[in-house]
Number of protein chains: 2
Amino acid sequence: MQSTKARTRDAEATKARILAAAKIEFARLGLGGARVDEIAEKAEANKRMIYHYFGNKEDLFTAVLEDAYLDIRTAEQELQLDELPPDEGMVTLIKFTWDYYLDHPEFITLVNSANLHKGKHLEKSDKLKTASRRYIATIQSLLDRGVEAGVFRSGIDAGQLNITIAAIGYYYLTNRFSGTILFERDYMTKEALDNRLAFNIDTIMRVVAA
Amino acid sequence: MQSTKARTRDAEATKARILAAAKIEFARLGLGGARVDEIAEKAEANKRMIYHYFGNKEDLFTAVLEDAYLDIRTAEQELQLDELPPDEGMVTLIKFTWDYYLDHPEFITLVNSANLHKGKHLEKSDKLKTASRRYIATIQSLLDRGVEAGVFRSGIDAGQLNITIAAIGYYYLTNRFSGTILFERDYMTKEALDNRLAFNIDTIMRVVAA
DNA sequence: AGCACAAGTAACTAAATGGTGCATTGCGCG
DNA sequence: CGCGCAATGCACCATTTAGTTACTTGTGCT
């Protein structure tokens, strides 16, 4: 039985601390830039534990990616979009995507890193594929219901729409530094963020409108 | 006077080879992942030359970024969008942006790397700021002419539209690996690319339509 | 109580890495 | 034609890095 007292040895807790620290470091510096020693220190764990639980640096990166993707896909499912009218569901999805990126900036840089390495760290994960399929199905169902209700036009590809919904939020945030510097306009004030979200909702609703 | 015979010593040529090799390596592995020795070897130059001409690794990265950004901004200006009817100009711009990303995949990963490091390598470059301002002005002018001609609605923010045009192409391509794996759909077949471009043109034209 | 094994630690290593000191060589100019 | 300097090359260094070896210690179970 699991006792309530704080154990000095706790495999699960140590693993979790390592994963959390690794997520931060990989997000901050990329796979190539992150340092195993630094991750161990931030995790308040011995470096040996990283190799004990995760094998090596690349496998740790894989674990971090899987954890990050699963988190967003789980949160998306919890929206229960099927229970909303289609147009309302669409706006909810756009807002959710935007807010998730804002609240989890590490997700974006992790995905960038995964793609810098041609996605090879994602290949093994069937869990992620399943979750992704379900996600697209949710959007497809939103679209179908919208067409039936006469609020969306027909013939929209759910895959393309999904990409676009992600893109217009993701790009703004991932490239906010170059944008802020080159276009001399602060991307991260509350006003700027509100404006962008409004622009994005408007964009998608124009794209799907009947 | 510049002689035509191949010189065994040519500062400009050496610098250019280093810059080209560095662009490839930084694009491939990021700032943290790229190796100075590897860059020197690919450039067929001695490592010493990198430090001689560029100072250090970070300054080399800065030079690469500046070169990459200047290239796309220059190419954009050469489109001469002012000479086209506004709707045609808009489609031309969307296509150009897409084709540029496709033809220069290194541009995307370099921009990602620049932003991973919070854009600090871009800060010094006034050249880039000037070029960026001119670029936004071009889009604004397209929009203005379109409103005047009655083909675009008024009140569209040129900055937001610019971001969206870039985003819907950029995101698709930068995340093509994770997309291909997770959504089990090849992002890079000719058909897939054509479909995406068509979807993007359609998206933007719906957004700007009067 | 004490056994067996998992959790945890410290010190180490071999290789890689960014960066330099210093000597050499070819080019352009007077 | 030979001088001065920029261009180039080689060997080297001090750190850093991912990964490992060999060990100790706490926990749950009987």
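The chains referred to below are lettered A, B, ... by the order of the sequence lines, with proteins before strands, and numbering in each begins at 1. The figures here come from the full heavy-atom set of this structure, side chains too, leaving out hydrogens, waters and symmetry mates.
- If you measure from atom NE2 of A:His52 to atom P of D:dT21, you get 15 Å, rounded to the nearest angstrom.
- Of the charged side-chain nitrogens involved, none lies within less than 4.0 Å of a carboxylate oxygen, so that B:Glu123 and B:Lys120 do not count as a salt-bridged pair.
- Within a 6.0 Å sphere centred on NZ of A:Lys118, heavy atoms belonging to other residues, nucleotides or ligands number 12 at most.
- In the model, B:Tyr187 has no side-chain atom that pairs as donor or acceptor with a side-chain atom of B:Asn175 under 3.5 Å.
- An OP1 or OP2 oxygen of D:dA7 is reached within less than 4.0 angstrom by no side-chain nitrogen or oxygen of B:Thr14.
- In this structure, the CG atom of B:Asp10 is 12 Å from the C1' atom of D:dA6, given to the nearest Å.
- Atom-to-atom, CD of B:Glu41 to P of D:dC10 comes out at 13 Å; the value is rounded to the nearest Å.
- Contact annotation for B:Ala34: backbone-only contact, meaning every heavy-atom pair under 4.0 Å involves sugar-phosphate atoms and none involves a base.
- Atom P of nucleotide D:dA18 and atom CD of A:Glu38 are separated by 11 Å, given to the nearest angstrom.
- One interatomic measurement links the two molecules: NZ of B:Lys57 to P of C:dT17, which rounds to 9 Å at whole-angstrom precision.
- Look at NZ on A:Lys47: it is 13 Å from P on D:dT16, rounded to the nearest Å.
- Considering only side-chain atoms of B:Asn46, the nucleotide from C:dA7, D:dG9, D:dG19 that sits closest is D:dG9.
- With salt bridges taken as basic N to acidic carboxylate O contacts below 4.0 Å, none links A:Glu76 and A:Arg134.
- Following rounding to the nearest Å, B:Asp37 (CG) and D:dC13 (P) show an atom-to-atom distance of 16 Å.
- A sub-4.0 Å separation between OP1 or OP2 of C:dG18 and a side-chain N or O of B:Arg35 is present.
- Remark: B:Arg48 is not in phosphate contact with D:dT8, judged by side-chain N or O atoms under 4.0 Å from OP1 or OP2.
- As rounded to whole Å, 16 Å separates atom P of C:dA16 from atom CG of B:Leu29.
- The side chain of A:Met49 sits closest to C:dA7 out of C:dA7, C:dG18, C:dT20.
- Residue A:Tyr53 has a polar side-chain atom (N or O) positioned under 4.0 Å from OP1 or OP2 of C:dG8.
- Residues B:Lys190 and B:Asp194 are paired through a salt bridge, judged by an N-O separation under 4.0 Å between the basic side chain and the carboxylate.
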